[in-house]
Number of protein chains: 2
Amino acid sequence: MNATKIRTASTPASASAGYTDPLQALDRIDRAILRQLQTDASISNVALAAKVKLSAPACLRRVERLKESGLIRGVVALIDPKAAGAGMLVIIGVVLDRSTPESFAAFEKAAQKVPGCMECHVVTGEFDYFMAVRTRDSDSFNRLHAEQLLYLPGVRQIRSFMVLKEILSTTRFPL
Amino acid sequence: MNATKIRTASTPASASAGYTDPLQALDRIDRAILRQLQTDASISNVALAAKVKLSAPACLRRVERLKESGLIRGVVALIDPKAAGAGMLVIIGVVLDRSTPESFAAFEKAAQKVPGCMECHVVTGEFDYFMAVRTRDSDSFNRLHAEQLLYLPGVRQIRSFMVLKEILSTTRFPL
DNA sequence: CTTGAAATACTACTACG
DNA sequence: CGTAGTAGTATTTCAAG
């Protein structure tokens, strides 16, 4: 863990008993910085400083502290799935044959190599895993399904949910 | 749509008949640029130029073209969910009462306002929607479930799949 | 149509008050 | 936190491949 000190708001404004939301605990300026950088991090530091009404060095120090503290995990370019020829998204529920550690490990190792696999999570309930896979169209998904997904190790059942419309898909945390 | 011309590889190397993957169609340098920016876009342009063995101006022009073409949708800071006090992820399958346009519209409008909702998609199959919601812990999810999810308009059934382990969660497209 | 070298304008970063 | 100064970067211009 990292123990960098972060500026806290004077009004803690916590939700319920004994816990303060780390994001809400930030002061007004740090929140404004995060709001901006989550939306567009290609802004220059001087422009960012002007937006949050701070001098450039002070602003830069805050951004660096937010990175060092681990709150900002990284700054990345996002590729448009459609422009990348992967406009189709499929949610996949997976049930394994056996519930052994080896079985899970083998599946997880293989699942990460599935082309276009963006997410893969162990879940509770009627499925063992949920995956989110990006592909070009139904044809290419059908190929992926027949040639790769069905051959993932230890799979008993696969249920595919084709995404018809992406209502919301964000990396942003509200502030 | 944007019609900016992008550098194409001399070897198209397409998959199967009549289609070329837009990402694979890029030349070696553009792919190297995207690979880097998808991983860490906080790199300076001169450092990026050195990495891809190009002069700074030439490199900058390519990056700008990739943005203008729409392939790069944006550059953003990613917040670490755990550090933000939202270390728990839940996948939620939703079935609506009725399948009318009004019913769908009302649900979609409300779903986007659910605190911590990162994704919401219309899907085929036994559910109408899948949502991904980030929250602090099972307690806070229980509160969210009882106070918000159950009151989303037109909901017949909600099934929650708690994520026990995030195997893979990426915004990166392989190149 | 793209590249790289040089020149200029800004920006990031440091030292200090 | 801000001001002032320095170092380094982004960006334009232009000549050349």
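Chain letters run A, B, ... following the sequence lines, proteins first and then strands; every chain starts at 1. FYI, side chains are in, hydrogens and waters are out, and symmetry mates aren't considered; it's all heavy atoms of this structure.
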### Task
Kindly say whether A/A56 contributes a backbone atom to a donor-acceptor pair with the side chain of A/N45 at under 3.5 angstrom?
yes
## Note on the structure
Between CZ of A/R28 and C1' of D/dC1 the distance, given in whole Å, is 18 Å
### Task
Using heavy atoms and a sub-4.0 Å distance, could you list which residues of residues 39-48 of chain A are near DNA chain C? By number, please.
A/S44, A/N45, A/V46
### Task
Starting at atom CZ of B/R62, determine the distance to atom C1' of D/dA10, rounded to an integer number of angstrom.
18 Å
### Query
Regarding A/R134 and the six-membered ring of B/F173, is the cationic atom NZ or CZ under 6.0 Å from the ring centre and inside 45° of its axis?
no
### Message
Among residues 49-58 of chain A, which ones have heavy-atom contacts with DNA chain D below 4.0 Å?
### Response
A/L54, A/S55, A/P57, A/A58
### Task
Keeping the roles fixed (side chain from A/T171, backbone from B/L78), state whether a donor-acceptor pair exists under 3.5 Å.
no
### Query
CG of B/D27 versus P of C/dT3: gap in Å, rounded?
8 Å
### Query
With under 30° as parallel and over 60° as perpendicular, where do the rings of A/F104 and A/Y129 fit, or are they tilted in between?
tilted
### Query
How about A/V76 and B/Q38: do any of their side-chain heavy atoms sit closer than 4.5 Å?
no
### Task
Starting at atom CD1 of B/I29, determine the distance to atom C1' of C/dG4, rounded to an integer number of angstrom.
13 Å
### Message
At 4.0 Å (heavy atoms only), tell me whether A/R61 reaches a base, stays on the sugar-phosphate, or touches nothing.
### Response
base
### Query
Hey, are the side chains of B/L144 and B/P115 touching, using non-hydrogen atoms and a 4.5 Å cut-off?
yes
### Message
For A/R28, is the CZ atom crowded, meaning more than 12 foreign heavy atoms sit under 6.0 Å from it?
### Response
no
#### Entry: A/R7 side-chain N/O to D/dC1 phosphate OP1/OP2 under 4.0 Å
yes
### Query
Expressed in angstrom and rounded to an integer, what is the separation of A/L60 atom CG from D/dC1 atom C1'?
14 Å
List, with names and distances, any nitrogen or oxygen atoms from the protein found under 3.5 Å away from nitrogen or oxygen atoms belonging to nucleotides 15-17 of chain D.
none

### Task
Mind telling me whether B/F127 and A/F161 have parallel, tilted or perpendicular rings, with 30° and 60° as the class edges?
tilted
### Message
Has B/S103 got a side-chain atom pairing as donor or acceptor with B/R98's backbone, closer than 3.5 angstrom?
### Response
yes
### Task
Rounded off to whole Å, could you give me the CD-to-P distance for the A/E64 and D/dC1 pair?
13 Å
### Message
In this structure, how many angstroms lie between the C1' atom of C/dT2 and the CG atom of B/L26, rounded?
### Response
16 Å
### Query
Any side-chain heavy-atom pair from A/K67 and A/V75 closer than 4.5 angstrom?
yes
### Query
Any side-chain heavy atom of B/L149 sitting closer than 4.5 Å to one from B/V155?
no
### Query
How close or far is atom C1' of C/dT2 from atom CG of B/D30, stated in whole angstroms?
12 Å
